[in-house]
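Notes for the one structure printed next.
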Protein chains: 2
Amino acid sequence: MTAQSLSKERLRLWLRMLRVTRQTESILRERLRTEHDTTLPRFDVMAALYADKDGLKMNELSRRLRVSNGNVTGIVDRLVEDGTVERIAIEGDRRATRVCLTPAGRETFSAMAVEHERWINALFEGVGEEDAHHIGELLHCLPTTAHDPD
Amino acid sequence: MTAQSLSKERLRLWLRMLRVTRQTESILRERLRTEHDTTLPRFDVMAALYADKDGLKMNELSRRLRVSNGNVTGIVDRLVEDGTVERIAIEGDRRATRVCLTPAGRETFSAMAVEHERWINALFEGVGEEDAHHIGELLHCLPTTAHDPD
DNA sequence: TAAAAATACTTTAAGCTTAAAAATTTTAAA
DNA sequence: TTTAAAATTTTTAAGCTTAAAGTATTTTTA
């Protein structure tokens, strides 16, 4: 196999990943909207916060989700409006704030997460155990910022 | 392996795909911006049009790229503004228009495409030939609308 | 300790994205 | 043929996203 055809194969792989990812996101977006009256970005923020009982700082959140700083500001603003999360002052550093799920937010997310996993499980029906694991390992060494704890 | 742990493994795979995809897109976006003064959505539209010498109708374009109809309208508007593409009337159907790359647009894209493939090839350095092929096959049967010619 | 640099976050302007509604044209049906 | 239905695209309103600039605070350094 030449370097050239390897390059083509990698490009094909990338385009296919992009296609699957967009299609899956589109399906998730639709279901979150119709069945839970929320959006994918909000779900993502809630998911990140759900994992940490003590919440996350804004910049941690933005690094975790791989979106810009200012972006998170807007999403959190809207989540605060409807009582899903709250901003809590950090003592000793008045620049930063900690964002936490409220009890109501935790409850809401918990229900969504169960369904979300079910959706993914169904959508990825064609992927068996050893494949899921194998691909997962491979992706692990793909484009990502160094020292990434996911 | 229980059904439950398979479900978890699939979820993990999905999250990892999402992470890699976002990171890769972010890198591409940055390079397209700094080195070619364009955006990823515009690149995507141009790529779709480059493949078809006779261009595509708006709804074909939107289906191909998996984005909403109205979305394509805006991107094409801007590409028309800077002379990259043109809308051509379809004889026999005054509802639809065909969108084509202009000669200048073809030239611009052609140069970008070469670099784009180089970027992907470098980013996916960790994926060997048989892996690229294997994963590609798997992804092929993943979430996608039926009868999809990609 | 005062100035400079770094950090954390928000704001802004431009563009992207979606779902839903509207406008136009074509096709089908009565 | 007149009307209804379908198809193609654009418009609209709301929200998402980014990069860059701005504000406030903390840390470093001279």
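Owing to the predicted nature of the structure, the values given are computational and were not obtained by experimental measurement. Letters go in sequence order (proteins before strands), and every chain restarts at 1.
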* DNA chain C-proximal residues of residues 43-59 of chain A, any heavy atom under 4.0 Å -> K57(A), M58(A), N59(A)

Without placing hydrogens or testing angles, list every side-chain donor-acceptor pair under 3.5 Å for residues 79-87 of chain A, not counting sequence neighbours.
{"unit_1": "D82(A)", "atom_1": "OD1", "unit_2": "T84(A)", "atom_2": "OG1", "d": "2.5"}
{"unit_1": "R87(A)", "atom_1": "NH2", "unit_2": "D77(A)", "atom_2": "OD1", "d": "2.1"}

* To do: With a 4.0 angstrom cut-off to heavy atoms of chain B, pull out the first and last contacting nucleotide of DNA chain C, in 5'-to-3' order.
  => dG15(C) to dT26(C)

* Asked: Can you list every pair that meets ring-ring contact (aromatic ring centres under 6.0 Å, His included) and has a residue in residues 66-86 of chain B, with sequence neighbours left out?
  -> none

* If every non-hydrogen atom of L65(B) is compared with every non-hydrogen atom of D44(B), which pair is closest and at what distance? -> CD2-O, 3.7 Å

* Compare every heavy atom of M17(B) with every heavy atom of T21(B), then report the nearest pair and how far apart it is. => OG1-O, 2.7 Å

* Asked: Which heavy-atom pair separates R10(A) from F124(B) by the least distance, and what is that distance?
  -> NE-O, 3.1 Å

* **Test item: side-chain donor near acceptor, S5(A) and T2(A), under 3.5 Å** => yes

* To do: Could you check which nucleotide pairs with dT23(D) in any of the strands shown, counting Watson-Crick or G-U wobble with both distances under 3.5 Å?
  => dA8(C)

* Asked: When we call it a touch if two heavy atoms are under 4.0 Å apart, what does I75(B) touch: a base, just sugar-phosphate, or nothing?
  -> sugar-phosphate

* Structure fact -> Contact check, residues 94-102 of chain A vs DNA chain C, heavy-atom distance under 4.0 Å, returns R95(A), A96(A), T97(A)

* To do: Kindly say whether T38(B) contributes a backbone atom to a donor-acceptor pair with the side chain of R33(B) at under 3.5 angstrom?
  => no

* **Contact nearer the 5' end of DNA chain C, comparing N71(A) with R22(A)** => N71(A)

* On DNA chain D, nearest-nucleotide positions of P41(A) versus R33(B): which is more 5'? -> P41(A)

* Asked: Is there any side-chain hydrogen bond (donor to acceptor under 3.5 Å, both in side chains) pair reaching into residues 103-117 of chain B, and which pairs are they, with sequence neighbours excluded?
  -> S7(A)-E117(B), K8(A)-E117(B), H36(B)-E115(B)

* From CA spacing to verdict: salt bridge (charged side-chain N to carboxylate O under 4.0 Å, His left out), K57(A), D52(A) -> CA-CA 11 Å; K57(A) 292 198 299 177; D52(A) 280 75; over 6 Å; no

* For G70(A) and for D93(A), locate the closest nucleotide of DNA chain D by heavy-atom distance; then report the residue assigned to the nucleotide nearer the 5' terminus. => G70(A)

* Given R29(A), E30(A), R31(A), the one that forms side chain to side chain contact (heavy atoms under 4.5 Å, CB included) with I27(A) -> R31(A)

* **Closest heavy-atom pair and its distance - I88(A), C100(A)** => CD1-SG, 3.9 Å

